[in-house]
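Presented below is the structure to which this report refers.
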Amino acid sequence: MTITTEQPLVKIEGLHKYYGTHHVLRGIDLTVNQGEVSVVIGPSGSGKSTMLRCVNLLETISAGRISVGGDLIGYREVKGRLHDLKTKEIAAQRREIGMVFQRFNLFPHKTALQNIMEAPVQVKGQSKAVARKRALELLDRVGLGDRAGHYPSQLSGGQQQRVAIARALAMDPELMLFDEPTSALDPELVGDVLNVMKDLAKSGMTMIVVTHEIGFAREVGDRLTFMDGGIVVESGDPREVLANPQHPRTKEFLSRVL
Amino acid sequence: MDSHQDPHAAPVLNNAVPVRHPGRWISAIIIVGFLLAFLQSLFTNPNFRWDVVGTYILDTKVVQGVVWTLFLTFASMVLAIVLAILLAFMRQSDNPVFRWSSWTWVWFFRGTPIYTQLLFWGLATVLYPTIVLGIPFGPATYTWVTSDPTHGLIPAILGLGLNESAYLAEIFRAGLKSVDQGQSEAAEALGMTKGKIMRRIILPQAMRVIVPPTGNETIGMLKTTSLVLAVPFTLDLTFATNALANRIYLPIPLLIVAAFWYLVITSILMVGQHFIEAHYGKGVDNRVPAAINPAAAKASAAVAPSANAEPDLKMDFPEEEAK
């Protein structure tokens, strides 16, 4: 359990998402407090990844509002009407939100070190020396201090994902989003990535983690949300939800994954 | 039997009889036979007139032709690449006007023969004797008379470059599309702006796909420059050798002179392309970790000692080595 203050950092209210006529998210409400680890589980196609991608606007929001740190994501509200933000303003909002992808998405033409240095230098305007020092520290922190000069193709999946986490952390985000970070990994490599995430949780980082790792939810989660069919079916303390699910759909899902 | 139980004992190698390939020998004999016959003809057939080839291979007009051909190729490819990058970006733009303009440009310049376009550019000053600055259908504010003091050079470069830009735009578009969507998503999630994502993330990866066909197009352009007599521009290699051939009534030796020079330039271009490909293949085609700092270099040396021993060989022909 991490120390949480009762201050909401992320507020998702009435979030809907359509792909054409396909109604993927049907009114999601979710609040994540400062320093909290919020774990989201659910069957594939339940909309959990889509919800996560809405938080940093990789998907447009069809209806509803998301705010991070009090700022409305993607819009400016003027006289009760929403106005789309410009791409530069959206980029500025994304700087505060780190994201880790299922397929890592490291830049293959850059080494591990260059991957981590890219955004601090190019986006924040840090000097290369400062960014390099920080990047090497982050590589040490994820246990890859000796892999700085390796290209992604020379790293295992688990190592790539840890570099991806370090890359996101280099921007000093106030929120980290994890989109099934261990789903593309060989089973024996999952543990290293989860350990890095646990350390991060202990350090007080606010995290939203979409995952199938029930053990991770039980161990470090402050809140567990079960999604199905584009709605939040059940949400609560992970240990309580896992031990005593209230909704039949939650029970059915957990009986299949546990 | 014991060897199965003791893991340290050397196994008895199978030493199987390899499959025979008589077809290879037969084909080799046939091809070498033709080659020898051709070689013999080169030395014995007097119509080749090697003495004339020798006389003209370094002729001032020919060497000047080589230089002009190189200049035409270079200038029109630079123009084409700049336009093509612009066209490819416009084609991907959110702005429908840009998308439509780019599509129409490619449709027009790819859809009409290069020879026709060169003739048109040659006649541009006849078609538009004056250019008027002002509002269309409205009053003129400034008028000037068109002229071409370059004796066809500018029309030739425009004709070649604009035509080529249409083909390159499609190559660039394919290259940009070849980069995984996750790459721009990852860069967006880091807060990078569109321009930086394109320049630093997408384009360097797209170059891997773009460079080989662009090298192809450059070699194609080298030879397409021989069509500039349509403009007319009369200093390129083909025109120069043709003019000499007509003067001395010996076309064959001067065709050989021209072919020799085209081959030389093509070979040099291929070497250049190899190095550009190696540059953009970093992290994908080569397997040698970059030496970021001494510690990292040491670490990578420990991981991949064989790769570090012969980095150049590794980069040259990865497929061949795999076989």
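So you know, we letter chains A, B, ... as the sequences are listed, proteins then strands, and number each from 1. The structure presented is a predicted model; accordingly, all values stated were derived computationally and were not measured.
Atom CZ of A:Arg134 has more than 12 heavy atoms from other residues, nucleotides or ligands within 6.0 Å. The environment of NZ in B:Lys177 is sparse: at most 12 heavy-atom neighbours from other residues, nucleotides or ligands sit within 6.0 Å. For A:Lys124, the NZ atom counts as densely surrounded, since its 6.0 Å shell holds more than 12 non-hydrogen atoms of other residues, nucleotides or ligands. Remark: A:Tyr19 OH is packed, more than 12 non-hydrogen atoms of other residues, nucleotides or ligands lying under 6.0 Å away.
Ranked by heavy-atom pairs shorter than 4.5 Å toward chain B, the options A:Met99, A:His109, A:Arg95, A:Met171 are led by A:His109. The candidate from A:Arg53, A:Gln93, A:Glu96, A:Glu118 with the greatest count of non-hydrogen atom pairs under 4.5 Å with chain B is A:Glu118. Taking A:Pro108, A:Ala119, A:Ala170 one by one and counting their heavy-atom pairs under 4.5 Å with chain B, the maximum is reached by A:Pro108.
Contacts between B:Arg208 and chain A at a heavy-atom distance below 4.5 Å are absent for every atom of the residue. With a 4.5 Å cut-off on non-hydrogen atoms, A:Leu106 touches chain B through its backbone but not through its side chain.
Once rounded to the nearest 0.5 Å, the distance linking CG of A:Asn115 with CG of B:Leu190 reads 9.0 Å. One finds the CD atom of B:Glu185 at 5.5 Å from the CZ atom of A:Phe101 (value rounded to the nearest 0.5 Å). Atom CE in B:Met192 sits 6.0 Å away from atom CD in A:Gln122 (nearest 0.5 Å).
Listed for the A:Asn105 side chain is no donor-acceptor partner under 3.5 Å among the backbone atoms of B:Ala186. Panel note: side chain B:Lys196, backbone A:Val123; no donor-acceptor pair is recorded below 3.5 Å.
Considering only heavy atoms from C-beta on, B:Glu188 comes within 4.5 Å of A:Leu58 through its side chain.
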